[in-house]
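Notes to accompany the following structure.
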Amino acid sequence: MELVEESPYRFRIDQHDEMRVPGVVFASRSLLPDVHADKSLEQVVNVATLPGIVDASYAMPDVHWGYGFPIGGVAATDIDTGGVVSPGGVGFDISCGVRLLAADLDRSELQPVLDKLMDGLDMSTPRGMGKGGLWHVSGRSGLAAVLTGGSRYAVEQGHGVARDLERCEDYGAVGDADPDRVSDRAIERGGQLGSLGSGNHFLEVQAVDHVYDERTAEAFGLRTGQICVMIHCGSRGLGHQICTDYIRMMEGAMVEHHIRVPDRQLACAPVSSPEGQAYLAAMAAAANYARANRQVLGEAVRRVFERVTRRGLDLVYDISHNLAKIETHAVDGQQRQLCVHRKGATRALPPGHPDLPADLAGVGQPVLIPGSMGAPSYVLTGVPGAPAFASTCHGAGRAQSRKQAAKSVQGQDPRRQLEARDIAVRGASRRGLAEEVPEAYKDISEVVEAAEGAGLCRRVARMVPVGVVKG
DNA sequence: ATGTGC
């Protein structure tokens, strides 16, 4: 793999063979994937061959090997010139994302009731594989309003307050969701609303330990020493089933649309085709399910928090990092309608962007970066004139597979190691913890430093874990 | 990520 270092945090893979655009990798030298163990840079090249791709096939500093597309990949296609949409460019966990709530409470004030709070969160957070959720909605008729209304519908039904929606991407729901494009099987798997899931999904009590930009932090409602709650989860079995259904559909439709791709996992269809439109409508439904899921979990946290601490929690923001969106961007000086795939990449709107609520217009969109277990998490914001369609990293990014990680910690006790650092742990399985140990991930601080160095975003605040609830 | 692997 020929990588040309263009600047300290930007590498180019020149266009060759079937590539329609170059590849661009935003990373420091030390963050570049090991090409022997991780095929993500090959995947960057493969994505560059997709019909209608514009500008470049991008990789964020946390890039690693994924299904077809790399995780940490951004690719935009031009809708009017046959650009495609690919389920692999969104991922199986459609609209997986992060919600951050902030309390008017300092770490020292929480300490006396921390155990009580953690026990309350332990009780109120369904998690793990295949379990049900807090909000019992099921069947096509029951779920339809969730799939079209997302967090807005959850708030209407009493799971939160109207102000929350001002702090949600798309004000709580994406348009163009169509429940009729969601299979019966996906609907059957939809009875998990208000549940965390497993793997790297978590609910964490955190404390702000560093503020990089006082003015922006203040606009986001954040200050040093403050207690926050971060929720990282997605669309559970429903989103997974939708991804599976449409990969299959598109594998069949590729011949008809005369599309050939170098990897079968890049199955795709023109955005304007019936298959492309159906996928986007089903994907939007899963996105709304994920948003409602985080809304319901966030509201449950709020109730426990109020009972234990007598303080409220304000929503800082809720943002996805696995989604395709139709957006307008300048390409070669012309405004074009693009389908922007962000897979393990976070939208980062700059100050002044029209999609921001008025009170964030001066500072930009909060970008929420969950750390790996035991590591800090970050709040970033967008910057003007950034490359990659206003996108940045989404987390630490795996450095070891789950299997490798579980093997490498044999004989250690990950729970004890967290508790030794005064991090309270609730409910996590040994296997789950083993797969998520810090060694399995890149260094989150290095990742956000590279993202900022590459001109993708700016750091606003850092939070450290106080207590973690995992599946 | 996922009622975990055709």
Side-chain angles (χ1 to χ4, degrees), chain A residues 38 40 43 62-73 86-99 126-133 136 138-139 143 182-203 231-248 251-252 263-265 267 282-283 285-287 289-291 293-294 297 319-324 341-346 370 372-373 394-407 428-436 440-441 470-471:
Chain A
D38 175 307
S40 58
Q43 294 186 315
D62 49 341
V63 67
H64 59 111
W65 197 4
Y67 180 92
F69 287 59
I71 296 162
S86 174
V90 172
F92 279 86
D93 194 1
I94 296 167
S95 205
C96 179
V98 183
R99 170 168 290 231
R127 57 197 185 274
M129 286 287 294
K131 308 278 170 44
H136 300 275
S138 64
L143 278 167
V182 177
S183 69
D184 290 340
R185 198 158 171 206
I187 293 287
E188 280 168 27
R189 295 179 68 175
Q192 301 177 311
L193 208 50
S195 70
L196 207 51
S198 59
N200 71 349
H201 288 165
F202 64 76
L203 187 157
I231 298 168
H232 177 207
C233 65
S235 51
R236 309 289 281 108
L238 180 135
H240 191 277
Q241 188 62 48
I242 287 172
C243 182
T244 304
D245 292 339
Y246 281 91
I247 285 170
R248 186 168 303 164
E251 280 173 348
D263 176 355
R264 184 180 172 168
Q265 296 184 351
M283 181 210 69
Y289 183 92
R291 282 119 188 261
N293 190 29
R294 290 193 289 273
L297 285 169
I319 183 82
S320 308
H321 48 232
N322 282 0
L323 206 61
H341 301 73
R342 294 188 184 88
K343 180 189 191 177
T346 315
S372 53
M373 192 174 69
H394 86 303
R398 272 200 173 271
Q400 290 180 347
S401 70
R402 291 174 204 287
K403 212 177 192 174
Q404 276 177 313
K407 201 174 164 190
S429 68
R430 193 188 141 72
R431 170 81 191 190
L433 290 180
E435 290 176 350
E436 300 298 321
Y441 284 87
K470 276 185 83 73

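In what follows, every chain begins at residue 1, and chains take the letters A, B, ... in the order their sequences are listed.
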(request) Could you tell me which residues satisfy side-chain contact (heavy atoms from CB on, under 4.5 Å) with A285(A), sequence neighbours excluded, listed by chain and number? (result) L147(A), A177(A), V182(A)

(request) Quickly work out the F92(A) CZ to dT2(B) P distance and round it to whole Å. (result) 12 Å

(message) Using modelled atom types and a 3.5 Å cut-off, is there a donor and acceptor pairing between side-chain atoms of R294(A) and backbone atoms of C233(A)?
(response) yes

(request) Send over the distance from R248(A) CZ to dT2(B) C1', rounded to a whole Å. (result) 14 Å

(message) Taking 4.0 Å as the cut-off, does a side-chain nitrogen or oxygen of S198(A) come that near to OP1 or OP2 on dT2(B)?
(response) yes

(message) Once you apply a heavy-atom cut-off of 4.0 Å, does R398(A) come out as touching a base, just sugar-phosphate, or nothing?
(response) nothing

(message) Can you measure I247(A) atom CD1 to dC6(B) atom C1' for me and round it to whole angstrom units?
(response) 15 Å

(message) Without decimals, in angstroms, what is the distance between Q265(A) CD and dC6(B) P?
(response) 12 Å

(message) The criterion is side-chain contact (heavy atoms from CB on, under 4.5 Å); which residues satisfy it with A440(A), sequence neighbours excluded?
(response) R398(A), Q400(A), A405(A), V437(A)

(request) Return yes when atom CZ of R430(A) has more than 12 non-hydrogen atoms of other residues, nucleotides or ligands closer than 6.0 Å, and no otherwise. (result) yes

(request) Give Q192(A) one of three labels, base, sugar-phosphate or nothing, depending on what nucleic acid heavy atoms sit under 4.0 Å from its own. (result) sugar-phosphate

(message) Distance check needed: dT4(B) C1' versus R431(A) CZ, whole Å only.
(response) 10 Å

(message) Check the orientation of H232(A) and F202(A). Use parallel for under 30°, tilted for 30 to 60°, and perpendicular for over 60°.
(response) perpendicular

(message) How many whole angstroms separate atom OH of Y67(A) from atom C1' of dT4(B)?
(response) 16 Å

(request) Quickly work out the L238(A) CG to dT2(B) P distance and round it to whole Å. (result) 12 Å

(request) May I ask you to say what G91(A) touches in the nucleic acid, namely base, sugar-phosphate or nothing, with a heavy-atom cut-off under 4.0 Å? (result) nothing

(request) Could you tell me the separation between the CD atom of E188(A) and the C1' atom of dT2(B), rounded to a whole number of Å? (result) 16 Å

(request) Could you tell me whether R185(A) contacts a base, only the sugar-phosphate backbone, or nothing, with contacts defined as non-hydrogen atoms closer than 4.0 Å? (result) base

(request) Indicate, with a heavy-atom threshold strictly under 4.0 Å, whether G199(A) touches base, sugar-phosphate, or nothing. (result) sugar-phosphate

